[in-house]
Each structure stands twice: as structure tokens, then as C-alpha cells.
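Per chain, numbering begins at 1; letters A, B, ... match sequence-line order.
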2 protein chains.
Amino acid sequence: MKHLLPLHYIDTVARSGSIRGAANTLAITSTALNRRILAMEEELGVPIFERLPRGVRLSTAGELLIQHIRTQMADMERVKSQIADLSGVRRGHVSIVCGQALLPHFMAEQVASYRRLHPAVTFSVKVCDRNTAIDQLTSFDADLAVVFEPMRTSEFQPMGKVEQSLKAVMSRSHPLAEKSLLGWSDLLSTPVALPTASNGMRYLLEEAMLRKGNDLEKIIESDSYDFIRNYLRHEHCISFQLGIGLPQENNTSEIVYRDIDERAVPSGDLYVGQLKGRVLPVAAALFANAIVKALEFQYVTNNEKIA
Amino acid sequence: MKHLLPLHYIDTVARSGSIRGAANTLAITSTALNRRILAMEEELGVPIFERLPRGVRLSTAGELLIQHIRTQMADMERVKSQIADLSGVRRGHVSIVCGQALLPHFMAEQVASYRRLHPAVTFSVKVCDRNTAIDQLTSFDADLAVVFEPMRTSEFQPMGKVEQSLKAVMSRSHPLAEKSLLGWSDLLSTPVALPTASNGMRYLLEEAMLRKGNDLEKIIESDSYDFIRNYLRHEHCISFQLGIGLPQENNTSEIVYRDIDERAVPSGDLYVGQLKGRVLPVAAALFANAIVKALEFQYVTNNEKIA
DNA sequence: CTGATTGATGCAATAAACGCATCACTGCAG
DNA sequence: CTGCAGTGATGCGTTTATTGCATCAATCAG
């Protein structure tokens, strides 16, 4: 959309923190970009950016403006999506942020099955912790967020939730692999590898430790589940995973998953949500419905397994 | 704002119903305007307007787009207002629609006293019935609406309300002028001049007639209070007015106002409100607060008079 | 049919945007 | 302190996009 090109320019400068840098990514010269910004500030009557010796930074007025700009750009996408929708083709782009736990199996399946129905819809799926997830929503970089135990904030509007209990992950040769249900004392008896503090699971575990009054033996901390899972094969320790992140069958694998007693570590809530007050593009709204449905189904089958 | 000039063009064409007509009001040639629209439709992939033999009309896609455009333009005004606000000067423009009853005294006082505080704020005050008031809000032609007994709709978001009882208006020489409180039988005993059906007072009266089972003797119907008030001097009949529409003192006037028994015609609610979900410009929001306060005060003094 | 009105289009004139080279300024490393 | 690398601002010639005029095809009222 041509008319909001100037807005896109400003957005890029705000993100890049420098006019020249933004001009580079926008594939225009810095002079052109600089002049457009000067013209915009002229129109507005106040500077949008503060000029620093090493670039620019949004002024207070710029903060107000950039929020408007991002809202408008996102809303234009929604309108285009709705227009495309009423001409029959369901097209558009859905941008999702979610925790690592969901990515490998659940999200991949969901995206794939949605794209089977609507091949014209494209996706971008980004991994991030629950703090930045909210930021991504407010800056309109993401349409949907799927996060475990999200921070309480007025910006986040839940569209669905499902309870998720933690599972213990360990090598098949680990002594605790003998048991099918692990208690708190079991968890204390072995070293553990944990995700980083911004992770929702970590939050649940910290809370459990606080409540029980004794700490787990943390030997590894990493933001990569892959790394942790591989490490489990080298040393006898355990780690954790959400039920939804488990592969379907694990009979042959070297890595096994075991349930944890609810009384040891309480289960937490997995939320699907969007930015509060925003009207989502058609494709994003429909996909959100789909994963909420899928989560509810997963919840039911989970409970059946328990029962 | 230059970047939303194309949007303003489309809006004007939509309102005017013809490209040439819109080009005329925009002070450009129809060629230029036509081409901008063609370019926009090209970008969008679908036509915005249906081409009729005698002009153009919004297509379905155009309806979606025009709503976005009006939202965007109004929101830009809000941002500009907020930016102006943080640089100290409180400037901006407030557009109000309200029923006839409020205009002559109440609204004039309110606008005047607000402008005494903030001379940089300009006003436009339009009179319309309660149906079109909502339309004016949804099309962003008005920021605020002050209406009596508004239509129930999800678009209207009340910000304050005050109960208003009807007063009877008549010539000083009218027989009923002797009494200080009029009952239903009094109203039946004389011809009446009524506002048109879209008026809120009329709605209350129709409801009262329906409930009582007998009709008032309607001899005049007009959408001009001025006309009705003048007519009262030529024929012995009565009309109605809201308490808030009364002049402060009426001792010397040829026209007098009398209370009506609540049991005859129940009082209705006067609402101040805005478009649901909209964030108002600073000036409009502050002015809304001011008149809500003023209405509450008026309500209190009214009740004191009654007590 | 005739005249008036509508939106679309080819072509030349105009206005806006762009890119290059350069300046003035700041902070950092030597 | 000095030179260097990085930043945003500015003058000028060129390129691109936009505008306006004249005109066409289609439609409708009388």
C-alpha cells in the first residue's frame, strides 16, 4: 500500500535507531529518507525523533505516533484480508509467537493442517519467552501468542487456555525411568537441567521450590531444549517438558518422559491470545479458533489418559 | 497530513457519489482524482467503487475500506491532538451533534466556558435527530453526541446521563398557565404542537399516549422549536420542552413554562456519549467531561428546585 | 434523436521525489 | 591532541510521478 509508505519508513527508522541504517534496509538513500522524515516533522509541527550523536531515538511525540502507525498498518492488513476474504479466496499472513515447547510438534501440525485447507495463507512462527511475546503483540509484529503462564498484563487478551502439567524428561537408563510417576523427593534425588528464567516452566518450578522450601540441584541452564535433550544422554540428570511438547510415541527413543505428581509441581495454564482490543485479520482469527479447538481436544485426550 | 490525502480523496468520492463532483470540492481535476482511484483499486486488487451510469457507489470492498479510512483519519486527529497536548498548548477541534433542545442555552454556555479556558480549541455544533446522531458518530463526522432518549444501539457508548422531565410551553394567556403542575387531563384539554417523530420528546409523548389509551390533539408538527414557540403566540395550544432547554428566567416573557406531572408523562434520559471503542482526541474528551459534570450539576439543582 | 453528464485515456507540462557529493558534528581509538 | 568512522543535514542536477487539457465511449432524460 503506497499511501502508508511514509509510515513504514518512520517505523523502520524507529526500529533501526538510525536513518542511514533504515535507508539501507529500505533500499533507498539516506538523503531521501531523511527528507521524508523532516517533511513529516514539518507537517506535524514537532520533531518525531531526537537527534543523538549516534543516530536517532523516538521523541515523546514519536512514541505516540509510532503506536498509531503500527496500529494503522496492522489494521490495513486486516482490511485487505477481509476484502480478499469476501472475494472467495482466503489469503493473508499469520504471525505467531510461541514458547519453545509448542513448536516442534503441536504448532507444526496445526500450521500444516490449516495450510492444507487454505494454501494461500502464509505463516511466520517465532520462538520467544513470555515477556517478549507481549511486546511482539503490542508492536504488531505478531498476531497471536501462545504462551505458558503468561505475565499478567492488560495488553494480553486470552482467547483460550488449557491446563498443562509438567513431564520429566530423562535418559532411558536413568534410575527414575523405572517409575511411572515422580514425586518431589524423586526430583530432589537427581541433578536437573532447567530452561532459562524467562520460561514459563521454570516459573512453575521456582514456585514449587519456594513452596517446598528446598531447591533442586540445578546443574545446567539453557534456552535450547535441543541442547538439554541431548545433554540428558551424556549425564544422568533430568529435565522438564510440557505434555503438549511430547512426541506422540516414545517407545524406541533413548529419551523417555515420565509424569510428575501434581502435588510436587502443580500444572500451569497454556494460553492462546492476542493484543487486547485488536481486530485480527480473517486468517489469523480463524487460525486462532483452530488452535484453541485443538488445545481443547488435546486437553480432553490428556484427561482420558489420566483417567 | 499528506500521507492520508489519497484516503481523503476516496472519502470525498464516497460522500459525493461522483468523481467529478468530488474533484470539484477537492479543487483538482477529475482526471487526477480518477487516476488516483484507479491506482488505489489496482493496489488493492479489487474495485472500490461500482461504476454507475450516473456516478459511482461504494462496492462491498469499498464499504470495508471506507470504514478503515474514517477510523484512520479520526485516529490521526487524536494523535495530533495528543501531541499538541504534550507540548503545552491544548488545541484541537471538537465536533458535536445534539438535539435541538440543548442548543440555545446549555450548549452555548458550555462551549463558551470551555473556550474561555482553551481558546485554541475550535468547535462545530450540529443539530440533528437521535437517529442521524449515531450515524454521525460512526462516520466520524462527530466526536460527541448529546441526545435525549437515544436509540439503543451497540455503537453508542454513554459517558454520562441525566434525567430530564418534560415541561409544557404555552402563551402566558393560555388557560393552563394558571396552574403550576399539569396532569394528563390538562394536556388532553388543549391542542398541542409537537416536534417531529424522530425527536426524543416526541417518543416519550407517544409512549404516554399509548399507555393512557387516548391521544393528544395534535394540530402542528414541526422540526423547528422556534417555529412552534412563535406559533404558540397565535393560537391557544401548548408544546413541550426539556427542562434543560428552558431559559433561566421567564418572568417577563410572553411564553411561559409549566411542570408536567411525572405520572402523566414520565421523564426520560439525556445522554452524552461517543462512538463505542473510539479513543477521543484530548480536547473532545475533556469537553465531554465538562458537560457531563455540568449535566450532573444541573440535575442536582433541578432536584433542589423540586424539593 | 439530441444534449448533457458520467468515468476512462493519450499526451504534454508540471511538480515532487530522488541520488550524488558534501558539510558539520560527535565519539572513539591511537 | 589528532585522525577516523559514523551520524544527520543540505545544495543541485536528474529522474520519476503526478497533474491538467482535450477527447472518447457509454448512459440517460426529454
Side-chain angles (χ1 to χ4, degrees), chain A residues 1-66 69 72-73 76 83, chain B residues 1-63 65-66 69 73 76 83:
Chain A
M1 292 277 81
K2 202 162 178 193
H3 75 274
L4 37 79
L5 203 65
L7 305 188
H8 181 223
Y9 285 174
I10 293 180
D11 184 42
T12 309
V13 173
R15 289 174 192 277
S16 151
S18 114
I19 294 184
R20 288 178 118 102
N24 197 34
T25 70
L26 290 170
I28 56 173
T29 55
S30 71
T31 41
L33 182 53
N34 181 33
R35 268 199 269 261
R36 292 195 90 129
I37 288 174
L38 289 175
M40 195 65 107
E41 290 178 328
E42 178 81 14
E43 275 187 302
L44 211 58
V46 292
I48 302 168
F49 295 98
E50 297 173 30
R51 269 66 173 181
L52 307 176
R54 286 293 160 152
V56 293
R57 187 178 56 192
L58 281 170
S59 67
T60 317
E63 296 278 0
L64 261 58
L65 184 65
I66 202 73
I69 285 176
Q72 294 318 322
M73 292 199 303
M76 188 44 141
I83 286 177
Chain B
M1 292 276 83
K2 201 159 172 198
H3 74 275
L4 37 79
L5 203 66
L7 305 188
H8 180 224
Y9 285 176
I10 293 180
D11 184 41
T12 309
V13 173
R15 289 176 192 276
S16 149
S18 115
I19 293 185
R20 289 180 118 102
N24 196 35
T25 70
L26 290 169
I28 56 172
T29 54
S30 71
T31 358
L33 183 52
N34 181 33
R35 267 200 267 262
R36 290 196 91 126
I37 288 174
L38 289 175
M40 195 65 106
E41 290 177 329
E42 178 79 14
E43 275 187 302
L44 210 58
V46 292
I48 301 169
F49 294 99
E50 299 174 29
R51 268 66 172 180
L52 306 177
R54 284 308 223 221
V56 292
R57 186 178 57 193
L58 281 170
S59 67
T60 317
E63 296 278 0
L65 184 65
I66 203 73
I69 285 177
M73 292 198 301
M76 190 44 146
I83 287 177

Q: Figure out the CZ/C1' separation between A:Arg36 and C:dA17, and round it to whole Å.
A: 7 Å
Using atom names, set out every protein N or O paired with an N or O of nucleotides 27-30 of chain D below 3.5 Å, distance rounded to 0.1 Å.
none

**Q.** Residue mapping more 5' on DNA chain C - nearest nucleotide basis, B:Lys2 or B:Leu38
**A.** B:Leu38
Q | Sidechain-backbone polar pair: A:Arg51 side chain, A:Phe49 backbone, donor-acceptor under 3.5 Å | A | yes
Q.
Does anything in residues 4-27 of chain A come within less than 4.0 Å of DNA chain D? Heavy atoms only, and list the residues if so.
A. A:Ser18, A:Ile19, A:Arg20
Q) Nearest-Å distance, CD1 (A:Ile48) to P (D:dA9)? A) 11 Å
Q) What is the distance from CE of A:Met40 to C1' of C:dA16, rounded to the nearest Å? A) 15 Å
**Q.** Nearest-Å distance for atom pair CZ/C1', residues A:Phe49 and D:dT7
**A.** 14 Å
Q: Could you give me the CA-CA distance, side-chain angles and deciding distance for B:Ile66 and B:Arg15, then say whether side chain to side chain contact (heavy atoms under 4.5 Å, CB included) is met?
A: CA-CA 10 Å; B:Ile66 203 73; B:Arg15 289 176 192 276; over 6 Å; no
Q.
What's B:Ile28 touching, base or sugar-phosphate or nothing? Going by heavy atoms closer than 4.0 Å.
A. sugar-phosphate
Q. About how many Å separate CG of B:Leu58 and CD of B:Glu63, when rounded to the nearest 0.5 Å?
A. 5.0 Å
**Q.** OG-CD1 distance between A:Ser59 and B:Ile83, expressed to the nearest 0.5 angstrom
**A.** 7.5 Å
Q. Does A:Glu42 have any side chain to side chain donor-acceptor pair (under 3.5 Å) partners at least two apart in sequence or in another chain, and if so, which?
A. none
Distances for protein N or O near nucleotides 10-12 of chain C N or O, under 3.5 Å:
| residue | atom | partner | partner atom | Å |
| --- | --- | --- | --- | --- |
| C:dG10 | O6 | B:Arg35 | NH2 | 3.3 |

Q. Just how far is it from atom CG of B:Asn24 to atom CD1 of B:Ile19, taken to the nearest 0.5 Å?
A. 13.5 Å
Tabulate below the donor-acceptor pairs under 3.5 Å that side-chain atoms of residues 26-39 of chain A make, not counting sequence neighbours, or state none.
| residue | atom | partner | partner atom | Å |
| --- | --- | --- | --- | --- |
| A:Thr29 | OG1 | A:Thr31 | OG1 | 3.1 |

Q. Which pair of heavy atoms, one from A:His3 and one from B:Met40, lies closest together, and at what distance?
A. ND1-CE, 4.1 Å
Q: Return the angle between end axes of the helix from C:dC1-D:dG30 to C:dG30-D:dC1, with five pairs used per end and rounding to 10°.
A: 30°
Q | Straight-line distance of A:Leu5 CG to A:Ile10 CD1, nearest 0.5 Å | A | 11.0 Å
Q: Output the distance between atom CG (B:Asp11) and atom CE (B:Met73), rounded to the nearest 0.5 Å.
A: 4.0 Å
Q | Nucleotide of D:dA9, C:dA17, C:dA8 approaching B:Asn34 most closely (side-chain heavy atoms) | A | C:dA8
Q) Once you round it to whole Å, what is the distance between P of D:dT7 and CG of A:Leu33? A) 13 Å
**Q.** Heavy-atom side-chain proximity of A:Met76 to B:Leu65 below 4.5 angstrom
**A.** yes
Q | Rounded interatomic separation in angstrom, taking CD from A:Glu50 and C1' from D:dG8 | A | 14 Å
Q: Taking A:Glu41 for its side chain and A:Ile48 for its backbone only, find out whether a donor-acceptor pair lies under 3.5 Å.
A: yes
Q.
Any non-hydrogen side-chain atom of A:Gln72 less than 4.5 Å from a side-chain atom of A:Leu4?
A. no
Q | Distance in angstrom units between A:Glu42 CD and C:dA16 P, rounded | A | 14 Å
Q. What integer distance in Å separates A:Ile37:CD1 from C:dC18:P?
A. 12 Å
Q | Step-by-step side chain to side chain contact (heavy atoms under 4.5 Å, CB included) determination, B:His8 to B:Met1 | A | CA-CA 10 Å; B:His8 180 224; B:Met1 292 276 83; over 6 Å; no
